[in-house]
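Values below: all heavy atoms of this structure, side chains included; hydrogens, waters and symmetry mates excluded.
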Amino acid sequence: MTRKGVVTARLAEVAQLHVPPAGDEPLLAPDVYAARLGQLRERMAERRYSHLVVFADREHSANLAYLSGFDPRFEEAVLVVRCDGADPAVLVGNECAGMAAAAPLAMRCVTFQDLSLPGQPRDRSQPLAEILRGEGIGGGSRVGVIGWKSFDSRRSLEVPAYLVDELRELCGAGGLVENAVDLLIDPACGMRVINEVDQLAAFEWAACQTSSGVQRVIAGLSPGMTEREAVRLLEWNGTPLSCHLMLTAGDRARLGLLSPGDRPIGRGDPFTIAFGIRGALNCRAGFVVHDAGELPDGVDDYVDKLVAPYFAAVVEWYEALHVGQTGGTLQEIVDRHIGDPFFGVALNPGHQIHLDEWVNSPVFAGSAIELRSGMAMQCDIIPATGTPYFTTNIEDGVALADEALRAEFAAAHPDAWTRIEARRRFMADELGITLHPDVLPFSNLAARLPPYLLDRGRAMVAA
């Protein structure tokens, strides 16, 4: 459905969205990981790679976890995938051998103690060169290296020098060592940007945790409580975080990325919160006030000047989403509404999400990349005004699913599908946002944006 007329936004009474709670976390079956390895080997063959070497550390473990179900703790890990069909070898230090051996993907665990923490024993493993030779890497080998970031040149690598130096020495002048992370994270066709139905269900479960947590914080926020007291309202259940927890108020909130401290939250403070676990992140920002009369001096037009045009951009962004839409079109929508330098939108207005908070983004000026069925996307449009107006923010997750994938999702995960349908109705009936059938909202906040955080009943709506 195409909206007729210009999108406008206003503040109105809005009901709370209530959905049944999510049950147990959906887990991926071992055959999902085996299928991913098979698909990866097909892509290896297209590039004529003899090996893929996947490096992971605690901050950058998503590619390894996606392929194997194992993410290293305390130390780094290296996965070596051969083109010949042998079980991959995973190099681990002293502390991760047990976790790696229990992974759902069949792997051969190889101890390489230089991956261990400083001062730990280094007396039971072969040198790296011998381990790599044992995996068949030598003169003339063609090795694709998967870290976590792509560059203009495939020769540029971001994994540790000791690993790159050894690989280039072993492969020699007749071989190849290059960046191959695009096989997994290319924004158009990377393996990790097109998700299986069970992976999407796991992401919906994760979004239930993060969005409900942020919802509890906003509902319980009160002047005088400390930032740490506000964080407790999240009721975080121990699921691994995808990024550090962000919650700040007052002048520190303007820096955006800081963690909570012992500072009391004051009436009139700017406030921001972002909570992410694997597969989901939700963020909201505004002022700790009941109405415009409690705003700091000089920003009593906060809603009209910043929040309303921002929400209008978000509405049109959501309504433009569908399989086949281009990232460039989404960028044009945001530029048209809030492209003025006052709004300070510098990052991509939307990106893909997975086990890590940001995989890649097809949304940028001139992007001809088409959104595909199976993509998990974040509505993540961040105005950074750098002024007393502070910011406003909606960050929620959605998935894109064509008719076949929607039918598969509904049949395999009926409880999650019930929640998705409830969110779609809420966005249409309460917020005035009409989604394409391809769009599956995962957040229990579902685009609800209260600019005055102490006014529990009002939020922005489209007109």
Side-chain angles (χ1 to χ4, degrees), residues 11 13-14 16-17 209-238 241-277 280-308 310-311 344 357 380-396 443-460:
L11 191 58
E13 291 291 327
V14 173
Q16 294 285 348
L17 169 63
Q209 316 308 309
T210 55
S211 60
S212 294
V214 171
Q215 191 175 47
R216 283 190 293 271
V217 169
I218 294 173
L221 189 64
S222 177
M225 68 169 39
T226 67
E227 292 170 353
R228 293 192 204 277
E229 288 171 337
V231 162
R232 295 190 187 105
L233 298 172
L234 289 171
E235 298 181 13
W236 175 50
N237 62 11
L241 301 173
S242 59
C243 59
H244 68 280
L245 179 66
M246 291 157 271
L247 186 152
T248 49
D251 289 341
R252 295 173 73 248
R254 301 181 189 279
L255 302 177
L257 301 182
L258 296 181
S259 300
D262 293 318
R263 180 192 179 282
I265 298 168
R267 188 179 302 276
D269 275 354
F271 178 88
T272 182
I273 178 172
F275 176 35
I277 63 176
L281 182 138
N282 293 94
C283 179
R284 290 296 187 273
F287 282 91
V288 185
V289 297
H290 286 95
D291 54 40
E294 295 179 340
L295 287 167
D297 291 342
V299 299
D300 57 322
D301 59 347
Y302 170 66
V303 168
D304 291 339
K305 185 175 177 66
L306 175 60
V307 183
Y310 171 82
F311 191 75
E357 189 273 333
D380 186 10
I381 305 166
I382 307 173
T385 71
T387 74
Y389 286 87
F390 182 47
T391 190
T392 183
N393 188 248
I394 290 172
E395 183 167 1
D396 291 325
S443 167
N444 289 340
L445 290 165
R448 194 178 199 279
L449 178 61
Y452 307 141
L453 296 175
L454 299 182
D455 184 350
R456 321 294 187 195
R458 291 195 298 169
M460 301 305 296

Using side-chain heavy atoms (C-beta onward) and a distance below 4.5 Å, is [X] in contact with [Y]?
X	Y	value
Phe275	Val231	no
Val14	Met460	no
Met246	Thr272	no
Arg456	Leu221	yes
Val288	Pro223	yes

Task: Within 6.0 angstrom of Asn237 CG, more than 12 heavy atoms from elsewhere - done: yes
Under 3.5 Å, is there a donor-acceptor pair between the side chain of [X] and the main chain of [Y]?
X	Y	answer
Thr385	Thr391	no
Thr226	Glu229	yes
Arg252	Ser259	yes
Tyr310	Ile394	yes
Gln215	Leu445	no
Arg254	Ala384	no
Asp291	Gly293	yes
Glu357	Ser242	no
Asp269	Gly266	yes

Of all heavy-atom pairs between [X] and [Y], which one has the smallest distance, and what is that distance?
X	Y	value
Ser212	Asn444	OG-ND2, 3.0 Å
Ala446	Leu17	CB-CD2, 3.9 Å
Gly224	Pro264	O-CB, 4.1 Å
Asp300	Ala292	O-CB, 3.7 Å
Gly286	Leu453	C-CD1, 3.9 Å
Ser443	Ser211	OG-CB, 3.4 Å

Task: From CA spacing to verdict: side chain to side chain contact (heavy atoms under 4.5 Å, CB included), Leu234, Val217 - done: CA-CA 6 Å; Leu234 289 171; Val217 169; 3.6 Å; yes
TODO: May I have the step-by-step check of side chain to side chain contact (heavy atoms under 4.5 Å, CB included) for Tyr452 and Val289, ending in yes or no?
DONE: CA-CA 5 Å; Tyr452 307 141; Val289 297; 3.6 Å; yes
[atom1] of [X] to [atom2] of [Y]: how many Å apart, nearest 0.5 Å?
X	Y	atom1	atom2	result
Asn282	Asp380	CG	CG	10.5 Å
Ser222	Leu454	OG	CG	7.5 Å
Leu245	Glu227	CG	CD	10.5 Å
Leu247	Phe271	CG	CZ	4.0 Å
Leu306	Thr387	CG	OG1	7.5 Å

TODO: Step by step, work out the side chain to side chain contact (heavy atoms under 4.5 Å, CB included) result for Ile277 and Trp236.
DONE: CA-CA 9 Å; Ile277 63 176; Trp236 175 50; 4.2 Å; yes
TODO: Specify whether Phe287 and Phe390 have parallel, tilted or perpendicular ring planes, treating 30° as the upper limit for parallel and 60° as the lower limit for perpendicular.
DONE: perpendicular
- [ ] Would you mind listing every salt bridge (charged side-chain N to carboxylate O under 4.0 Å, His left out) that reaches into residues 444-453, with sequence neighbours excluded?
- [x] none
Task: Partners meeting salt bridge (charged side-chain N to carboxylate O under 4.0 Å, His left out) with Asp262 (sequence neighbours left out) - done: Arg228
TODO: Apply salt bridge (charged side-chain N to carboxylate O under 4.0 Å, His left out) to Asp455 and list each qualifying residue two or more places apart in sequence or on a separate chain.
DONE: Arg458
TODO: Go through Arg284 and Asn393 one step at a time and tell me if the side chain to side chain contact (heavy atoms under 4.5 Å, CB included) criterion holds.
DONE: CA-CA 5 Å; Arg284 290 296 187 273; Asn393 188 248; 6.0 Å; no
